[in-house]
Each structure stands twice: as structure tokens, then as C-alpha cells.
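In what follows, chains carry the letters A, B, and so on, assigned in the order in which the sequence lines appear, proteins first and then strands, with residues in each chain numbered from 1.
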2 protein chains.
Amino acid sequence: MQPQSPKYEQIAKEIRKRIREGVYQPKTAMPDQNTLAEEFGVSRMTIKKALDGLTMEGLIYTRRGDGTYVLGDIPLKIDTNSPAEEHMGLTAELGHERVTSQVIKFAIMFPTEELMTHLKLQKNEPVFDIIRLRLVNDEPYVLEHTYMPQKLMPDLNEKILLHSIYSYLKDDLGLKLSGAYRKIHADLSNDLDIRYLNCQPGDPILEVEQVAWLQDGTPFEYSFSRNRYNARSYTVLDISQPTV
Amino acid sequence: MQPQSPKYEQIAKEIRKRIREGVYQPKTAMPDQNTLAEEFGVSRMTIKKALDGLTMEGLIYTRRGDGTYVLGDIPLKIDTNSPAEEHMGLTAELGHERVTSQVIKFAIMFPTEELMTHLKLQKNEPVFDIIRLRLVNDEPYVLEHTYMPQKLMPDLNEKILLHSIYSYLKDDLGLKLSGAYRKIHADLSNDLDIRYLNCQPGDPILEVEQVAWLQDGTPFEYSFSRNRYNARSYTVLDISQPTV
DNA sequence: TATTTTTATATGTATATACTTATATCATGA
DNA sequence: TCATGATATAAGTATATACATATAAAAATA
């Protein structure tokens, strides 16, 4: 019977709903914090904490001395594009399309110098070397080359690769993913791209190079996702917090 | 003599410095909140607010019941790549290199359907139509095609374009920039690219399409930045806040 | 009328305090 | 030895309160 999430989160959820349903309209002011505090039966500090979260999401903005205003029509979804996050990313993004995977390579090796740097490993700590082709409605969509430290996921196998690395890490191993650092380039197609992505020699490729890490800072994935230039774009939402 | 920034921000700044200088080492625990509160002579709530900010920046992470740990070695700079933010972005990024601009087009027009949508304008509200070539040490670097509503910046002129749109908007007009939504694609070079970026027909181009807006949600820029595929990559840091 | 000053209002910051909950450590017992 | 349970610890949540400060609206003044 105890509340699963803190009050400020429940309140944020309710306010998000009101914005979505038009109770609070874009470009108009919301009730002030004291009024909301009274309505929800909490202190103003708790309301403020809820509003702070919504501000960071870009749903509202506040002006000291004035009030709180609804924005509400900014696109909010970020396109994650992480091999390990396919169930949040690709699957969610494509909705009802049929996403399948094909494992092209599943090997284990000692890390190169570069991998040792990116994944913070010693030279005697093996990494998985995985290449997967992801298809949408049987059409080649993205070619993913992924390296992951074996020690973090000793029991990784081909069956998991076909399903979801993400839910394996999160649900089975209890690892908490935290963030990613991505570098996006344009490149020319190479032999693998031509073979698996059905593209021509000389075609441009959109490559996303990524290091992803856990909540404690451990890197768990170094990957390259290669997309046909006309098949996909990469989307980023950057809300810069006001610099003090 | 009054403090220009709030205490929690000053404390965050000091802790950032300590991490940078190695007083608090990566992978080790920091002093607990009560100790820090005592040291800085503030309440624990104030310390917590400072730590919350550092957590969002990805510098530290906290575990309830355990403590606060330093991460500290995650690359933090985001490559903004916004025409209007060149003084935070391009200039800052390239440090001591000499960045110059060349105005290729500076016109005014009524918006197309697409511009009306992206910039939330009526068909009788004119937009500036700007093409700039940016050079680093006299080498072509990026070709920027920018559209901005005239009503937000009636006095924009060619001299400003050569200097900094960003500081004009921020310092002269007092507008507060808030965020941007970007879409990144790979593309094939077109005539303009070939002419100004010194590239060959068939070369891949990294294009960043962007809508940027002010704190109140008003879009003020719709732009395309086109980069030679081997000249530049686009970098993103994505710290996902723990989902509740 | 136009400008300046005052006042009311709403958000921001900061504190002290109490309680909750996740984690690690240490003691206990099978 | 290994699992279980108590205990200490540290961060998280929430409140009440006071004051600071930015903004808008109203009142006073030239």
C-alpha cells in the first residue's frame, strides 16, 4: 500500500497528463505553486521539485516573479540508436514494424589497444566481438558492430543476441545503464556495408560510434552502427540548462 | 558584495574543481553530505542540490545508503554545431584555431510551408535567408544555411553575420536561448557543397538539420549545416536520468 | 500623457528538522 | 564456512518557514 514513487514524481506525472490532455494549454500560465500545493495537499517545495523535473524535460518554463508557463509541443523522444538499447530504441521507435536480427559474427577476442582504452580493460580481459544485421520487415536497416567486456556478461549467447541484449543486462543481470557518448560521422560504404545493407560502392553511410556505460561509470559497450544514408537519420534533443 | 550565484552553484563549482585537480579521485568515495555541509557551513539540503547538479552532468553518482562516488573521466563537452551558437560551439571547440566567416547569401523572403511549420510563422511574416561558409585557418569547414524570423531580430545585418549571431541575440537583444532539436543525416554532395567545401561529386556529406528555440518556446532558427565527411563528426553526450 | 515609484505576487534560495529507505558491515547461529 | 539477521550509515523524501528577487500591475508624479 506504500507509494511506489515519491510524491513529486506522482505529481509530475499528473501534470504531464494535464498538459497532454489540454487541461493546461500551451502558451498559457499554469496555477501557481501555492495553489498546486494546496490542491495536491503537499508543501510548495514538493510542487517545485515536480516542476523542476518538467522544466528539464522541456514541457514547461518558469519565470521568477511571473509564473509557470506551458510549452508542451516540443518533440520529446530521443532516438537512442544503441545496440544494447534496442528495446527502448529501435523497437519503440518503429512501433508496429517487425524488427528482426541476424547474427553475422559472434566471437570472443583479446582487446586491441583502442578497445582497452574505450572499455577500460587490461589486455588479458576478453571482449565479445559481435556483428548483427537488423532488419525491418525483412529489409536491411542497420549493421551493428559491438564490443562488450566478457567479464560483465559471462553468459552472453547467440540466443540473447537475437532477442535483446538490453533486457538481458537490465533484467537478468541487474545492471543499471546510465548514459552514452556518441560520435556521428558520414562515411563511404565498405565491403560489409555493400554485402549486408544492399548498398552500392560509393554510397554514403551514417555511422554512429558509441561508448555506453553503467551508473558506476563502467563502460559496457563500444559499438559502431552503420546506416544507409537514405534509410535513417539520427535525432537529438538538446535542452541546455540555463547557465548561471 | 552580494553573491552573484547561489550557494549551491558556488559549491558545485568548488567540487568540480576538486575533481579536476584530483582532490577527489575517480572511482573513490567523496565525503558524505553531512561532512560537506559542515565544511561549507551550509545545510545538507544545499549540498544535496549541488550534488544533484553534478550528478546530472555525469561527474559523480550517488547510491542511497552507500555514498557519493566520483566518475570524473567522462568527456563532457557537447559539440553544439548551431549557426547561432558559434561562439559557444565552433569557436570554443576549436580553441586557438582561427575561425572566419564568409557570407554567401543574405536575403529576406516570405516563408515556405516548411518554414512556417518549423518556425511557427504566418505566411506574411518574413524570414532571413542566410548562407554562410565557415572557415578554419582559411580552410572550408562547414556550409551553413540558416533561416530566422525577421520579427525576432529586425536589425540583423551582414556585419553581425560575420561576427556572432549568438552574442547579438543574447547580449544585444536579451533573448534567452534554451534548446535545440537536431536531426543528423548522411547525404551526397550537391552543387553548393562542391563549390564551397572543395569536395568532389559523390562525396558523402554530414548534414545537421536543426530547430532551435528560446526559453519561452519560440523557435528562432531553422538551419542546415553541411560538413565534409572527413572534416567533421558530431558528438553527443546522452545522460539518461534513471527512470522512476 | 508619459515616466517613475510603489506594491503585490510568484518563483528562487536556504535552513532546520523528521522521517524513509537502500546499502554495507558486523554479529549470530546453523 | 556460509547464510541470516541486527545495526549503523548515508542518501532520499517531505515539511514548515523565512527571506530574496524578478516581474507585472497599480499608484504617484512630472
Open item on the list: Just the rounded figure in Å: distance from P of dG12(C) to NZ of Lys7(B).
Closed with: 19 Å
Task: Terminal helix-axis angle for the helix from dT1(C)-dA30(D) to dA30(C)-dT1(D), with five pairs defining each axis and rounding to 10 degrees - done: 10°
- [ ] Determine, using ring centers only, whether Phe220(B) and Tyr222(B) are less than 6.0 Å apart.
- [x] no
TODO: Starting from the C-alpha separation in whole Å, work towards a yes-or-no answer on side chain to side chain donor-acceptor pair (under 3.5 Å) for Thr35(B) and Asp32(B).
DONE: CA-CA 5 Å; Thr35(B) 308; Asp32(B) 67 82; 3.0 Å; yes
Open item on the list: I'd like to know if the side chain of Thr117(B) reaches the main chain of Glu113(B), judged simply by a donor and an acceptor atom lying under 3.5 Å from each other, with no hydrogens or angles considered.
Closed with: yes
Task: Separation of dT13(C) C1' from Met45(B) CE (nearest whole Å) - done: 11 Å
Open item on the list: Would you call the rings of Tyr147(B) and His145(B) parallel, tilted or perpendicular, taking 30° and 60° as the class edges?
Closed with: parallel
Open item on the list: Within the 3.5 Å criterion, strictly below it, is a donor on Gln210(B) or Glu221(B) matched to an acceptor on the partner's side chain?
Closed with: yes
Close N or O pairs between protein and nucleotides 8-12 of chain D (under 3.5 Å):
unit_1, atom_1, unit_2, atom_2, d
dA10(D), N3, Gly65(B), N, 3.4
dA11(D), OP1, Thr68(B), OG1, 3.2
dA11(D), OP2, Gln33(B), N, 2.9
dG12(D), OP1, Thr62(B), OG1, 2.8
dG12(D), OP2, Gln33(B), NE2, 3.4
dG12(D), O4', Arg64(B), NE, 3.0
dG12(D), O4', Arg64(B), NH2, 2.9
dG12(D), N7, Arg44(B), NH1, 3.4
dG12(D), N7, Arg44(B), NH2, 3.4
dG12(D), O6, Arg44(B), NH2, 2.7

- [ ] Look at the side-chain N and O atoms of Thr46(B) and state whether any lies under 4.0 Å from the OP1 or OP2 oxygen of dT15(C).
- [x] yes
- [ ] Output every pair passing side chain to side chain donor-acceptor pair (under 3.5 Å) with a member in residues 60-69 of chain A, not counting sequence neighbours, ordered by first then second residue.
- [x] Arg63(A)-Asp66(A), Asp66(A)-Tyr69(A)
Task: Residue among Lys48(A), Arg44(A), Glu38(A) satisfying side chain to side chain donor-acceptor pair (under 3.5 Å) with Gln33(A) - done: Arg44(A)
- [ ] Using whole Å, report how far CD of Glu38(A) lies from P of dT15(D).
- [x] 14 Å
Open item on the list: In this structure, how many angstroms lie between the C1' atom of dA20(D) and the CD atom of Glu9(B), rounded?
Closed with: 18 Å
Task: Candidate pair Leu214(A) and Leu169(A), rule side chain to side chain contact (heavy atoms under 4.5 Å, CB included), full reasoning - done: CA-CA 10 Å; Leu214(A) 305 175; Leu169(A) 296 178; over 6 Å; no
Task: Separation of atom CD1 in Ile47(A) from atom C1' in dA14(D), rounded to whole Å - done: 12 Å
